[in-house]
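This report refers to the structure that appears directly beneath it.
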Amino acid sequence: MADKIDKLFSDYFSGVINMRIQVRRLELGLPKQVDENIGGGRALNVNRNPVDSKLIAEESDQELKYLFTEIRMIEEFLKTITNDMIQLLKWRYDTRDRHTWQLIAYKMHKSKSQCERDRNFVKEQFENSIWNRLVDMSM
């Protein structure tokens, strides 16, 4: 379970989830060249408005719903912890600028082991939170 939480925090703080949302939206916007009306006349029940078609595709896409649920649940969880804990998570899990435990301890004016205990405490809170259960249910 801890590896899943580490991956989730890392994806969130590194912007990977937002990037996956953008990529998925682009994939859904690509035109599909499927002719479902072989040998017949013109299809009358096909929506010809590209904006409406894109919105319908995005709203009904399960992968996008799951990604938005992940972001919403993490953001709601982050509202329940202190700003110091959020900063610790950002420094540790942002892979674009990952800090070592020594640097995090120096910046937070704590010991390395205390920072690791704080991180483990936050992970336990997230694991036991209602939001984590909701994320698990949406899989």
Side-chain angles (χ1 to χ4, degrees):
M1 186 59 148
D3 294 333
K4 177 183 171 189
I5 294 172
D6 287 334
K7 173 98 172 89
L8 187 62
F9 282 160
S10 179
D11 287 351
Y12 176 79
F13 286 110
S14 298
V16 172
I17 297 174
N18 287 325
M19 181 193 61
R20 288 174 49 201
I21 288 172
Q22 291 175 354
V23 167
R24 185 64 184 156
R25 282 183 167 164
L26 289 174
E27 287 174 353
L28 292 174
L30 292 176
K32 296 179 180 141
Q33 299 296 330
V34 177
D35 186 13
E36 296 178 0
N37 194 17
I38 298 173
R42 183 175 172 186
L44 299 176
N45 61 347
V46 176
N47 189 357
R48 300 281 181 209
N49 188 344
V51 175
D52 288 345
S53 298
K54 184 177 180 185
L55 286 175
I56 291 169
E58 286 181 7
E59 288 180 2
S60 63
D61 187 60
Q62 292 301 317
E63 185 176 343
L64 267 180
K65 285 181 184 179
Y66 177 72
L67 292 171
F68 282 124
T69 301
E70 279 186 336
I71 287 178
R72 191 179 79 246
M73 295 307 144
I74 292 172
E75 288 174 350
E76 290 297 320
F77 173 74
L78 291 178
K79 290 178 185 176
T80 66
I81 61 176
T82 65
N83 289 336
D84 288 340
M85 294 297 168
I86 293 171
Q87 189 61 49
L88 181 137
L89 293 174
K90 284 180 186 177
W91 283 333
R92 186 62 189 165
Y93 288 110
D94 189 352
T95 56
R96 297 169 293 191
D97 185 26
R98 181 167 284 186
H99 289 55
T100 63
W101 281 118
Q102 289 81 11
L103 182 59
I104 293 171
Y106 175 76
K107 287 183 173 185
M108 296 196 79
H109 308 291
K110 295 181 179 181
S111 68
K112 175 185 167 210
S113 59
Q114 181 61 48
C115 290
E116 290 174 345
R117 281 194 299 270
D118 289 347
R119 187 256 338 242
N120 291 337
F121 177 73
V122 170
K123 284 172 52 175
E124 275 182 31
Q125 280 186 318
F126 184 76
E127 185 175 359
N128 296 327
S129 71
I130 185 76
W131 300 290
N132 189 35
R133 288 188 209 120
L134 289 174
V135 169
D136 286 341
M137 282 191 280
S138 67
M139 290 179 144

So, K7 and D3, do they make that salt bridge, N to O below 4.0 Å? no
Minimum side-chain heavy-atom gap Q125-F121 below 4.5 Å: yes
Atom CD1 of I17 and atom CD of E70: how far apart are they, to the nearest 0.5 Å? 4.5 Å
Hey, could you give me each pair passing salt bridge (charged side-chain N to carboxylate O under 4.0 Å, His left out) that has a residue in residues 82-95? Not counting sequence neighbours. D94-R96
Transitively linked via ILVMFWY side-chain contacts under 4.5 Å: L67 with M19? no
The reported gap from CG in L78 to OH in Y12 (rounded to nearest 0.5 angstrom) is 5.5 Å
From CG (D97) to CZ (F13), nearest 0.5 Å: 14.0 Å
Between R98 and S10, does a side chain to side chain contact (heavy atoms under 4.5 Å, CB included) hold up when you go through it step by step? CA-CA 10 Å; R98 181 167 284 186; S10 179; 4.0 Å; yes
Do any N or O atoms from the side chain of T95 and from the backbone of S14 form a donor-acceptor pair under 3.5 angstrom? no
Looking only at side-chain N and O atoms, does Q114 offer a donor or acceptor that is under 3.5 Å from a partner on D118? yes
Is there a side-chain contact between V122 and L88 in this structure, where contact means two heavy atoms from C-beta onward sitting under 4.5 Å apart? no
In Å, rounded to the nearest 0.5 Å, how long is the span from CZ of R119 to CG of D6? 6.0 Å
Could you state whether V16 and I71 fall into the same hydrophobic cluster, counting links through intermediate Ile, Leu, Val, Met, Phe, Trp or Tyr residues with side-chain heavy atoms under 4.5 angstrom apart? no
Do R25 and I21 touch side chain to side chain, with heavy atoms closer than 4.5 Å? yes
Determine, step by step, whether K79 and E76 satisfy the salt bridge (charged side-chain N to carboxylate O under 4.0 Å, His left out) criterion, reporting the C-alpha distance in whole Å, the side-chain angles of both residues, the deciding distance to 0.1 Å, and the verdict. CA-CA 5 Å; K79 290 178 185 176; E76 290 297 320; 3.1 Å; yes
Rounded to the nearest 0.5 angstrom, the CD-NE2 distance for Q87 and H99 is 8.0 Å
Mind checking whether F126 and F77 have parallel, tilted or perpendicular rings, split at 30° and 60°? perpendicular
Does a donor on one side chain sit under 3.5 Å from an acceptor on the other, for Q102 and Y106? no
Would you give the length of the straight line joining atom CG of N18 to atom CZ of F68, rounded to the nearest 0.5 angstrom? 8.5 Å
What closest approach, in Å, do A105 and C115 show between heavy atoms, and which atom pair accounts for it? CA-SG, 3.7 Å
Hey, does R24 have a side-chain heavy atom less than 4.5 Å from the side chain of L28? yes
Mind checking whether W101 and E116 have side chains closer than 4.5 Å, heavy atoms only? yes
